[in-house]
There are 2 protein chains.
Amino acid sequence: MSEHNARSRRRGEELINAIHTAVLEEVAEVGVARLTMEGIGKRAATPRTTLYRRWSDPIEVLLDALYHMHPVEEPTPGADDLRGDLVRALRLMVDWALTPAGRAVASILTDPKGSPRVHEALFERVFANRGGTFTSTVLRHYAERGHFPAELLTPVVADIGEALVTKRLIDTGAPPSDADLKAIVDQAILPAVGLRPA
Amino acid sequence: MSEHNARSRRRGEELINAIHTAVLEEVAEVGVARLTMEGIGKRAATPRTTLYRRWSDPIEVLLDALYHMHPVEEPTPGADDLRGDLVRALRLMVDWALTPAGRAVASILTDPKGSPRVHEALFERVFANRGGTFTSTVLRHYAERGHFPAELLTPVVADIGEALVTKRLIDTGAPPSDADLKAIVDQAILPAVGLRPA
DNA sequence: ACGGTAAGCTACAGCCGTGTATCTGAGCAA
DNA sequence: TTGCTCAGATACACGGCTGTAGCTTACCGT
């Protein structure tokens, strides 16, 4: 007795959303390796029994959360500003990476014990829904409009921006500033597509 | 009673080396997050009590191992082959990354719960001893000899090769082939220093 | 208003890693 | 040879996570 429940009982979607949010936060904070039903339950303020009714282990909860999370925003290239659009695409990537979902994905990708299953599920859900990587959407757009030779847009070139942003995130732990992103665009991406900035 | 010990008892350095090897292998396999005294002890075939006599927890064992491991080999730029030297530098990096020590380092860098202490110890030991990143050693050498303008060798440019190799390792899990490395050099690094390959 | 579904609450046995406390006996030095 | 040091082998209590079981009770549809 005693009104030990200030909030009313959650059911269905509301509860599941809370759990999804909880897993993503949890994995972002402690990593896939340390993900436990206990931790998820505590964070979502739900007993473990509720979790076991629906999922068999923490990884399943995580996968389910990834399948239901909002897709990553895609860069929308404007009219005539390749440089600006590239910076915006990278900014989009950084913002997403700092999200719980982004951190969760990072944790999964770098887990030495990550099973192929999880890896695949990740690519299906998070990356396949999008047109490609962040910068390559922009680059393809401008290549089609003849701003630079399309044959220069190789897989390696499409990866340059994301690779440098990722490295910076790993090395320093801090998000790159706009100046950093501009430097990446000017000094690495643009030269690779044959456009040396003035 | 029963020669339950085929091998004789290890002492001092021999034992410690075995333990160091064990931690690095262990962390490479399961990640820092799942590192336990139990696991290290099993792999080194030594009781946990021996570990506790010297170290207080698994991280300490790992740090000690990192401090005592062989430094990373440095690229030695040859006379007049920037392209070839860059590929060799990246190859060196890939080879090292596949090493237990390399995998251990990767695991540490990407651990969400990684303490600043471990992070710092890592940079002191593994990176500070070297002249810089793998490709930057090569690039600096050729910049000094006037093969390209030295002001193009920015921090961003110095990171391009390592960043792309890292991304590939993370994405595919498989080591890049020589063709991949050549593509990285030709399509990303050389253009960035103003040298478009023929 | 009623009844079914499922969330919330214990409880429990089992496993695994922890940290400590002994005890033994091998290896080494004086 | 003697004696010290320290690796090796148990043993144990503790705490955390697991997976399951049983019960109560809030919510919701009819």
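Numbers restart at 1 for each chain; the letters A, B, ... are given by sequence-line order, proteins then strands. Values below: every heavy atom of this structure, side chains too, minus hydrogens, waters and symmetry copies. The model shown is predicted, which means the values in this text are computed figures rather than measured ones.
Considering only residues two or more places apart in sequence or on other chains, A/Lys167 meets the salt bridge (Lys or Arg N to Asp or Glu O under 4.0 Å) condition with A/Asp171, B/Asp159. Every residue was checked against the salt bridge (Lys or Arg N to Asp or Glu O under 4.0 Å) condition with B/Asp64, not counting sequence neighbours, and none meets it. Here B/Arg88 pairs with B/Asp81, B/Asp85 under the side chain to side chain contact (heavy atoms under 4.5 Å, CB included) rule; sequence neighbours left out.
Residue pairs meeting the salt bridge (Lys or Arg N to Asp or Glu O under 4.0 Å) criterion with at least one member in residues 105-117 of chain B, sequence neighbours excluded: A/Arg34-B/Asp111, B/Glu60-B/Arg117. Sorted by first and then second residue, the ring pair (Phe, Tyr, Trp, His ring centres under 6.0 Å) pairs with a member in residues 25-46 of chain B form an empty list; sequence neighbours excluded. Contacts classified as ring pair (Phe, Tyr, Trp, His ring centres under 6.0 Å) and involving residues 46-69 of chain B (residues at least two apart or in different chains) are given here: B/His20-B/His68.
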Can you give me the N/O atom pairs linking the protein to nucleotides 28-30 of chain C at distances under 3.5 Å, or say none if there are none?
none

Give me the distances for all protein-to-nucleotides 18-20 of chain D N/O pairs that come in under 3.5 Å?
{"residue": "D/dT18", "atom": "OP2", "partner": "A/Met37", "partner atom": "N", "Å": "3.2"}
{"residue": "D/dT18", "atom": "OP2", "partner": "A/Glu38", "partner atom": "N", "Å": "3.1"}
{"residue": "D/dG19", "atom": "OP2", "partner": "A/Tyr52", "partner atom": "OH", "Å": "3.2"}
{"residue": "D/dG19", "atom": "N7", "partner": "A/Arg48", "partner atom": "NH2", "Å": "2.9"}
{"residue": "D/dG19", "atom": "O6", "partner": "A/Arg48", "partner atom": "NH2", "Å": "2.8"}

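Dashed line: the shortest gap from a side-chain N or O of A/Arg10 to OP1 or OP2 of D/dC27 is not under 4.0 Å. OP1 or OP2 of D/dA7 has not a single side-chain nitrogen or oxygen of B/Thr50 nearer than 4.0 Å.
In terms of heavy-atom proximity, B/Ala65 sits nearest to B/Val23 at CB-CG2, 4.1 Å. Nearest heavy atoms, A/Thr135 versus A/Leu90: CG2-CD2, 3.5 Å.
One can place CG of A/Leu15 at 15 Å from C1' of D/dC28, the figure rounded to the nearest angstrom. Spacing between atom CZ of A/Arg9 and atom C1' of D/dA26 amounts to 4 Å, rounded to whole angstrom units. Rounded to an integer number of Å, the gap from CD of B/Glu60 to P of C/dT18 is 14 Å. One interatomic measurement links the two molecules: NZ of B/Lys42 to C1' of C/dC16, which rounds to 9 Å at whole-angstrom precision. Atom pair B/Leu51:CG and C/dG17:P shows a separation of 13 Å (rounding to whole Å applied).
Residues from residues 16-25 of chain A placing a heavy atom under 4.0 Å of any atom in DNA chain D do not occur.
In the helix from C/dA1-D/dT30 to C/dA30-D/dT1, the end axes, each obtained as the rotation axis mapping the C1' atoms of four pairs onto the next four within a five-pair block, lie 20° apart to the nearest 10 degrees.
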Apply side-chain contact (heavy atoms from CB on, under 4.5 Å) to residues B/Thr137 and B/Thr76 and explain how you reach the verdict.
CA-CA 8 Å; B/Thr137 303; B/Thr76 54; over 6 Å; no
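Between B/Glu38 and B/Lys42 a salt bridge is recorded (basic side-chain N to carboxylate O distance below 4.0 Å).
Contact check for A/Thr166 versus A/Met93: side-chain heavy atoms found under the 4.5 Å cut-off.
A/Arg53 contributes a side-chain N or O that forms a donor-acceptor pair with the base of C/dA7 under 3.5 Å.
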Exercise answer: donor-acceptor pairs, residues 96-107 of chain A side-chain atoms, under 3.5 Å, sequence neighbours excluded:
{"residue": "A/Arg103", "atom": "NE", "partner": "A/Leu98", "partner atom": "O", "Å": "3.4"}
{"residue": "A/Ser107", "atom": "OG", "partner": "A/Val32", "partner atom": "N", "Å": "2.9"}

Expected list for residues 146-154 of chain A: side-chain donor-acceptor pairs under 3.5 angstrom, two or more places apart:
{"residue": "A/His147", "atom": "NE2", "partner": "A/Asp80", "partner atom": "OD1", "Å": "3.3"}
{"residue": "A/Thr154", "atom": "OG1", "partner": "A/Val157", "partner atom": "N", "Å": "3.2"}
{"residue": "A/Thr154", "atom": "OG1", "partner": "B/Gln187", "partner atom": "OE1", "Å": "2.4"}

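At a threshold of 4.0 angstrom between heavy atoms, the contacts of B/Arg34 with the nucleic acid are absent.
In this structure, CD1 on B/Ile160 lies 12.0 Å from OG on B/Ser136, to the nearest 0.5 angstrom.
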